[in-house]
Amino acid sequence: MKWMLKAPSSYSLDAVVQSHGWSQLDPFQILEPSGLSCVIGLSSDVAVRVSVSERKRGLAVSTAARLGSRQRARVEESLSWMLGLDQEFRTFYRAARDEPKLSRIPKEGWGRMLRSATFFEDVVKTILTTNTTWAGTIRMVSRLVNLYGVATAGDDHLKAFPSPERLAAASPDELRKETGLGYRAPYVSALAEGVASGSIDLDAIRESDLPTPELRKLLLSLKGVGPYAAATLLMLLGRYDYLPVDSWALKLVSTEWYDGEPVGKEEVESAFAHWGEWKALAYWFWDWELLKERSG
DNA sequence: GGTAGACCTGGACGC
DNA sequence: GCGTCCAGGTCTACC
């Protein structure tokens, strides 16, 4: 079935898809020539593949299966969250226009970070980006989805990201062996168990209006979530006052301002300190010299 | 509060 | 084909 979804003015689906690596991870799939599809879990045993593409009047949504009104509402709610349809960046854009390294951002509609269907999925994926290569993250996520995800009715190979309950049912040892999560398996297992049992309320974190430092403390209390992962998750929640400093960030800042000399976290922080509540967005969408060098 | 070492996987490299 | 080294954040123990 097909229908249209309203998008904010100056919205760019391409900008959301390309905002970070999430679109390369299962159960997302980048559509050619443009657009995005994802398998969304609707209940413990029902999943549906949803495709979205951009039109002049908004976003065209299509699903392989016919949905009831509740299911359709659920899909719309998920898409609104995933694609940042409720977000706006006017204040950031005003500041970005005066910075040559960011002036393309307002013009091209950058700012929204692609989110997963649930915050649980985002937290797990973020843990799986730590202390590994991007290829490793892709591999771990793919195995998790293929082994524990719910398949769509039409295609056994199309699966949603596993629910907390499904992952909680697997032992940490099984997760470690079957998915290559390594030492991260107990972290994912504990998170899944906590969410499934109700002792960890990720929805409350997602919807919280707590000040960012307090929200960050809650995220840091999750096993496997350190300063880098917490900052990444805060960005996904629309909070940009902490920088996700990893080894890549050190390389970027080193090339940009220090002639390739080694730098630490402090140098990265000080480079973006004046961006205040927008510092992570300024960092993320900065027109880095290192990226220009690499793209030739 | 700061720091060292362990954690785990897979890719690169040398033999 | 095998062994070794290294990269990648977080946790724990220790000072």
Side-chain angles (χ1 to χ4, degrees), chain A residues 20-22 24-26 113 116 119-148 161-162 164 167 170-195 199-200 202 205 212-237 239-256 258 260-273 279-280 283-284 288 290-291 293-294:
Chain A
H20 64 140
W22 258 211
Q24 298 168 33
L25 299 177
D26 285 341
M113 307 288 292
S116 301
F119 192 48
F120 171 72
E121 184 176 333
D122 277 332
V123 177
V124 173
K125 284 176 173 173
T126 301
I127 290 173
L128 301 190
T129 64
T130 60
N131 206 27
T132 185
T133 59
W134 181 242
T137 302
I138 291 175
R139 195 165 36 239
M140 287 185 265
V141 171
S142 172
R143 288 174 185 165
L144 268 186
V145 171
N146 286 319
L147 286 168
Y148 300 102
F161 192 84
L167 289 184
S171 70
D173 267 356
E174 183 186 330
L175 279 184
R176 185 191 296 253
K177 273 189 211 150
E178 300 296 327
T179 63
L181 264 61
Y183 70 91
R184 302 168 198 82
Y187 302 155
V188 171
S189 203
L191 179 72
E193 276 176 32
V195 174
S199 64
I200 298 174
L202 291 182
I205 293 180
T212 311
E214 288 179 44
L215 208 50
R216 180 173 179 264
K217 273 187 199 163
L218 288 176
L219 291 169
L220 288 173
S221 71
L222 304 172
K223 288 279 180 206
V225 175
Y228 162 78
T232 300
L233 289 167
L234 285 171
M235 281 183 79
L236 292 175
L237 291 174
R239 312 285 190 110
Y240 309 107
D241 14 18
Y242 287 88
L243 291 172
V245 181
D246 57 1
S247 54
W248 179 240
L250 302 180
K251 282 192 191 103
L252 290 170
V253 169
S254 158
T255 307
E256 192 80 10
Y258 294 88
E261 291 296 312
V263 300
K265 193 175 189 307
E266 300 71 27
E267 284 80 8
V268 181
E269 292 289 347
S270 95
F272 288 93
K279 73 171 74 144
Y283 157 75
W284 196 259
W288 295 101
L290 182 58
L291 293 178
E293 283 173 22
R294 295 204 171 183

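Lettering of chains follows the sequences in order, A, B, ..., and the numbering in each one begins at 1.
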- Task: Answer whether the closest heavy-atom distance between the side chains of A/Leu219 and A/Leu234 falls below 4.5 Å.
- Result: yes
- Message: I need the CG-P distance between A/Leu181 and B/dC7, as an integer number of Å.
- Response: 17 Å
- Scan A/Leu128 against the nucleic acid and name what it touches under 4.0 Å (heavy atoms): base, sugar-phosphate only, or nothing. nothing
- Taking for each residue the nucleotide of DNA chain B bearing the nearest heavy atom, is the 5' side occupied by A/Ala135 or by A/Asn131? A/Asn131
- Task: Under 4.0 Å between any heavy atoms, over every strand shown, what does A/Lys251 touch: base, sugar-phosphate, or nothing? Just pick one.
- Result: sugar-phosphate
- Shortest non-hydrogen pair, A/Tyr242 vs A/Ala231, comes out as O-CB, 3.8 Å
- Among B/dT9, B/dG10, C/dC11, the one nearest A/Lys223 by side-chain distance: C/dC11
- Task: Send over the distance from A/Met140 CE to C/dG9 C1', rounded to a whole Å.
- Result: 11 Å
- Considering heavy-atom distances to DNA chain C, does A/Ser247 or A/Leu222 have its closest nucleotide positioned more toward the 5' end? A/Ser247
- Apply the side-chain contact (heavy atoms from CB on, under 4.5 Å) test between A/Met140 and each candidate in A/Leu128, A/Val145, A/Val188; give the one that qualifies. A/Leu128
- How is A/Ala229 classified with respect to the nucleic acid when contacts are heavy atoms under 4.0 Å: base, sugar-phosphate, or nothing? sugar-phosphate
- Side chain of A/Tyr187 (C-beta onward), nearest among B/dG10, C/dC11, C/dT10: C/dC11
- Spacing of A/Ile138 atom CD1 relative to B/dG10 atom P, expressed in whole Å: 14 Å
- Looking only at N and O atoms, is any donor in the side chain of A/Tyr183 or the base of C/dG9 less than 3.5 Å from an acceptor on the other one? yes
- Task: Return the value, rounded to whole Å, for the distance between atom NZ of A/Lys177 and atom P of B/dC8.
- Result: 13 Å
- Side-chain donor-acceptor pair present, A/Thr255, A/Trp288, cut-off under 3.5 Å: no
- Query: At under 4.0 Å between heavy atoms, what does A/Thr132 touch on the DNA or RNA strands: base, sugar-phosphate, or nothing?
  - Reply: base
- Item | Given C/dG9, C/dC11, B/dT9, the nucleotide with the shortest approach to the side chain of A/Tyr228 | C/dG9
- Nearest to side-chain heavy atoms of A/Arg184, which nucleotide of C/dG9, B/dT9, C/dG8: C/dG8
- Do A/Leu25 and A/Trp134 come within less than 4.5 Å of each other through their side chains, counting heavy atoms only? yes
- Message: Under 4.0 Å, counting only non-hydrogen atoms across every strand here, what does A/Gly224 touch: a base, just sugar-phosphate, or nothing?
- Response: sugar-phosphate
